[in-house]
Structure formats: structure tokens, C-alpha cells
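Just below is one structure, and these are the notes that go with it.
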Amino acid sequence: MRWTLKPKPAEEKIKHLAQALNVEEFVAALLIQRGIETFEQAKLFFRPSLDDLHDPYLMKDMDKAVERIEKAIENQENILIFGDYDVDGTTAVSLVSSYLKSYYPNIATYIPDRYNEGYGISYAGIDFADDNGFSLIIALDCGIKSIDHVAYAKDRNIDFIICDHHRPGTFLPEAVAVLDPKREDCNYPYDELCGCGVGFKLIQALGANRNQTIEDLVLYLDLVATAIAADIVPMTGENRVLAYFGLQVINAEPRPGIKALIHQIKKKTLDITDVVFIIAPRINAAGRIKHGNHAVELLTEFDFEQAQQFASEIEQYNTDRKDLDKQITKEALQQIAQNQEEKNFTSVVFQEDWHKGVIGIVASRLIETYYRPTLVFTKSGDKYAASARSVKGFDVYNALEACSEHLEQFGGHMYAAGMTLKEENYQTFKNAFEKTVQETIHPDQLTPEISIDAEINFEDISPKLIRILKQFEPFGPLNMTPVFLTKKIKDTGYAKTLGSEDEHLKLFVKQNNSEGFTAIGFGLGNKKELTSNQKEFDAVYCIDENEWNDKVSIQLRLKDIK
């Protein structure tokens, strides 16, 4: 583990902001590191408001999209809402379909089968629309590169509206409207929305036509917040506002489907981390194990008892998913060892019977052992399909682009991508990818890094600081939970290991004569020795509140000790 302390902002900037906000200087420094330098910016950050959301009509083609939907409604056309099978796609389809159905009946949804159709707009989906009399398809979280598919639909007199957030290629599909804030010619002020976020902008624009205000649409934000959390988009600007209010909906009045998922986990108040680790994997499990339709059914169900039935089925898919990813990770690690690839710059593994629905998770798991860009392949029809995951600071999409002559197709972004190739090209591609990464990765990127926001002393940790840090939420990329470093601390003789394999560490730590804190280090059980006999050590940690028997105490969540 590399520890890197973020550079400290300029002293006068810190002093100026600390005075303006009446906070400690290190809190002001934390804000400046997040791009918040003035009282006005701090106000936007600490007091998210629905008034801060941008006008949806600033998005290129929004007027065309709304006009085409209104025309379809006027002419009683059938509209198909099409979306990807992951959390972002299924929440987006649930959002747009349930909004339109609230005032127009001729709406149906379509989620492609992960195994038979693969990612994105499919010919099978267009054929379904053609056979069933749909003349308009609204595609969500996919479609920005589907030039041939949109042309195929056009030949069948089916129009497309595309709502996507992935990087466009050189040419755009010839759809009626292409909503994507990452379009070069789109001047929308915020380009980090997820697919469901783009879907929300569409219903915001449609709502404006019906004299609805943003308050009328707040009930849909539980879906948007879930997608933002799951898709790991930056927690800044508009995403922060949508996630902030979406979390309030999740905790106060979520739709029956989300309520049924929460019902099973017995937790009173959910934060964004709970959405990432509890709600999102369950919604994802439907598309991974069975079919994404199950997720849409759950998220659009109005009857709570029926939603509970769907939720318990999804719970079973999630259990199956966990078993599968454990098993496949074990087999993949064995393969790396057998091929003597422990010292490689990449992990590239293949087995034809690995379940396609969990290879992305397995890729992430392998990075926990071998910290390097990772591809996990399985057989898909007569081709090999893979999920890619990357390490901090390394753009795996660019690396795939450099090897694209060996690939049939690929897509994604800096940290996660998907691809297919022909069986006979697997080994050549594997060698080319290893070579590309070896030539372009910085050696530091092959060691996991803990990025530290500030060095503080235990006396700085106060109830006031906890209150301020709570207002930094929701956390996510570009606004991560602050990580602190404190030097020369001691365990007061309490150290013990927890877990079936003694993998976790629990301490009670003090610095000089400060107040002491309970500290828990998940996966740090092997470092217990460093804390024995009141030896001094340094720790990096996040500050949590721990609730036990209705008592709330401060707890340090250790990330590493040295």
C-alpha cells in the first residue's frame, strides 16, 4: 500500500474560507481539495437544492425528443422503452416507463437478454417492436454507437430516441433525437449524468409541458439515486443534488419495489454506501442470473405484497450470484498460478463455462489479489466475451482501443469495459494487451494507493467535526469519504482479531493523553503484531459513527497501519 498525502492548498485560500464558513482550517482545506473555494460554492455543496438542477432543454435535441413523444401520444402510437440490463439501464427504463404510463397507456418495456442479445440495442429488440406494432423506441443507457441498429429500425418505419451517457464514436446514429451530454456539440452544463439521469432530464422536459414542477417529479429520484450510486459517476454538481434528494425518498417514501428490498435488510436509514452494496447488487442480480425484466417488474410494481414476492426471488438470485462469483474467482486465481502469470502486468483469464453475468465482479475480485488491469473471458455463442476492470489512474478503454484490431467489438469507459472477440484471436489479443499495458502503465499504478486528505490529531476529532463531515454526504467519486492520517498512536492493550479466519482487527487507540477511540480494520488482522506492547504506529482511517443499543459513538474505520 502506498500512502499519498494530497497536496495542501495555499495557506491564504484556506484561511479565507475557514473564516467565511467559521470552520477549522483543515476542514476548509478538505473543501478546497473538492473544488469548493468560495462561500457561494460551499452553500451549493452543503445545501443542495432542486433549484440548482439545470433546464433540461439545454441538452441538445431535447426539444426534438419531446416533440416526437408528444406526437406519438397524440397519434396513439405504441412506445417501447428499451434499456440495458444493469442497474442504470433497468432503473432508467422503470423511471421513463412509469412516468409515461401515469398519463398514457400504450407503453411497454424491453430489456435485452444478457446472454442471447448482449449489451445495448439488439436486432431482436427491434424485431419485437416491429412484430408488435411499435413505431417509437426510447433507448436508455445505450445506443450512442448503434448506427446500424437505428438504420435497421428506420427501414421498418420505427423511430429512435436515444438517451445515453457513454462516449460517442465519430458518427452518431440517425435517430430522431440523440440525448447525450458527452456529445461534442452539446452545451449542457453538466456532462457526468448516468443513463437514468439523462432519462430523468427527459421526464423533466416532458413534465414542463404538463405544467409539472420539479416537486412533482421528486418521487422518481429513488431510482435516479440508485443508478448514480451503482454506476460510480462523479458525486458532483447535478448528480450530487439528484442523489441527495433521492436518498431522502429512499429513506422516507421509496417505491414499493425498493421498500421491499430494504425490508429484507433490517436497516433503518440507508446512506449512499448501503445503496451501492445492498440495493444495487440485488437489482443487478436479476440481469446477471435470470433476466433484467425481473428488476423492472420489481421497480414498477405498485402493490407492496407483490413487490415483496419479487424481492424475495431477487434475493435468491443474489445468493446464487455470490456463490458463483466466489467459485469463479477461485478458479481464475488457480489459472493465473498454473500459467505462472503472477508477475504479469495484466490478468487475462478464460474458461468457457464461466457465468457471463458475474465476470465483471470476478474481474474486480482478482484486482484485490493482483492489482493490475484485468479481463475475464467466457464463451458467448461462438465468440469469447469479456469484462474489463482497471486500476486507479489507468485507462483500460484506451488500452483496448490500441488492441482493437484483434477485437470484434468493445465499449465502456476508463475503469470498466466489455468486449467480444473470435476464439482464434484470443491468444494474440492477450499478448497484445499485456504488451500495451506494460508499455503504457506507470509502475506506481500497480501498487494500490491510499489517498489521504489531511493529517490530524485525535484532539481535532469532535462532535462538531462529525456534524460537518455528515454534511459532506452523499459521498462518491470526486467527493470521497475523507481519509485522515494520525501519527504516533498506541493501542491500549485491547487489540484483538475478529472473523472466522482472524482477518479483521479491533483496537482501542489513544494519542498522547487524548480521548480514546474504538478502531476497526477490515482485512487488517495480519497487522495485529504492529500494535502489540503499546508500540507506536501511524494509521490512516475514516471517521464513522457507530450505533449500538441506541447509543452513538465515534469509531475509526482503519484503512491501513504502519
- Query: Is there a donor-acceptor pair under 3.5 Å between the side chain of D231 and the backbone N or O of V233?
  - Reply: no
- Taking the six-membered ring for Trp, are Y384 and F350 parallel (under 30°), tilted (30 to 60°) or perpendicular (over 60°)? parallel
- Message: Assess, by modelled atom type and distance only, whether the side chains of Y123 and D148 contain a donor and an acceptor separated by less than 3.5 Å.
- Response: no
- Would you say the side-chain atoms of Y244 pair up with the backbone N or O of E473, donor to acceptor, closer than 3.5 Å? no
- Is it true that D84 and R114 have a side-chain N and a carboxylate O under 4.0 angstrom from each other? no
- Pairing of K259 and E253 as salt bridge, 4.0 angstrom limit: no
- In terms of ring plane angle, is the pair F472 and F45 parallel, tilted or perpendicular, where the classes change at 30° and 60°? perpendicular
- Task: Among Y317, Y85, F310, find the one that has a ring pair (Phe, Tyr, Trp, His ring centres under 6.0 Å) with H294.
- Result: Y317
- Message: I'd like to know whether NZ of K145 has more than 12 heavy-atom contacts from other residues, nucleotides or ligands below 6.0 angstrom.
- Response: yes
- Query: Of all heavy-atom pairs between L375 and A388, which one has the smallest distance, and what is that distance?
  - Reply: CD2-CB, 3.1 Å
- What do you reckon, is NZ of K64 surrounded by more than 12 foreign heavy atoms closer than 6.0 Å? no
- For the pair N209 (side chain) and L206 (backbone), establish whether a donor and an acceptor sit closer than 3.5 Å, ignoring hydrogens and angles. no
- Of the non-hydrogen atoms in L136 and R68, which two are nearest, and what is the gap between them? CD1-CG, 4.0 Å
- Query: Is the NZ atom of K290 crowded by more than 12 outside heavy atoms at less than 6.0 Å?
  - Reply: no
- Task: Answer with yes or no whether the side chains of T420 and E408 bring together a donor and an acceptor at under 3.5 Å.
- Result: no
- Would you find a donor on one side and an acceptor on the other, under 3.5 Å apart, between the side chain of S380 and the backbone of K383? no
- Item | Spacing of CG belonging to N284 relative to CG belonging to D86, to within rounding of 0.5 Å | 6.0 Å
- Item | Pair H355 + Y115: ring centers closer than 6.0 Å | yes
- Message: Side chains of D353 and Q351 only: does a donor on one sit below 3.5 Å from an acceptor on the other?
- Response: yes
- Task: Please confirm whether the backbone N or O of D271 pairs with a side-chain atom of D274, one donor and one acceptor, at under 3.5 Å?
- Result: yes
- Message: For H504 and F522, I'd like to know if the aromatic rings sit close, meaning centre-to-centre distance below 6.0 Å.
- Response: yes
- I214 side, atom CD1; D216 side, atom CG - distance, nearest 0.5 Å: 9.0 Å
- Aromatic ring proximity, centroids under 6.0 angstrom, Y110 and F134: no
- Message: Can you classify the ring geometry of Y188 versus H54 as parallel (below 30°), tilted (30 to 60°) or perpendicular (above 60°)?
- Response: perpendicular
- Value for CG (L298) from CD (Q308), rounded to nearest 0.5 Å, stands at 11.0 Å
- Message: Any donor-acceptor pair under 3.5 Å linking the side-chain atoms of Q316 with those of D320?
- Response: yes
- Task: Could you tell me whether R557 and D544 have a side-chain N and a carboxylate O separated by less than 4.0 Å?
- Result: yes
- Message: I'd like to know if R240 and E192 make a salt bridge, using a cut-off of under 4.0 Å between side-chain N and carboxylate O.
- Response: no
- Can you say whether the rings of Y99 and Y220 are parallel (under 30°), tilted (30 to 60°) or perpendicular (over 60°)? perpendicular
- Task: For the residue pair D180 and H165, confirm or rule out a side-chain donor-acceptor distance under 3.5 Å.
- Result: no
- Query: Are the charged groups of E184 and K60 less than 4.0 angstrom apart, N to O?
  - Reply: no
- Return yes if some donor-acceptor pair links the side-chain N/O of Q327 with the main-chain N/O of D323 below 3.5 Å, else return no. no
- Just by modelled atom types, is the W354 backbone N or O under 3.5 Å from a matching donor or acceptor in the T378 side chain? yes
- Quick one: does S49's side chain have a donor or acceptor within less than 3.5 Å of a partner on D51's backbone? yes
- Would you find a donor on one side and an acceptor on the other, under 3.5 Å apart, between the side chain of R183 and the backbone of L179? no
- Task: Before accepting this row, confirm whether a basic side-chain N of the pair E545/K470 lies closer than 4.0 Å to the acidic partner's carboxylate O.
- Result: yes
- Using a distance-only test with no angle check, is there a side-chain donor-acceptor pair under 3.5 angstrom linking Q445 and R372? no
- Do side-chain atoms of D222 reach the backbone of P254 as a donor and acceptor pair under 3.5 angstrom? no
- Task: Measure the shortest side-chain to side-chain distance between F245 and V224 over non-hydrogen atoms and say whether it is less than 4.5 angstrom.
- Result: no
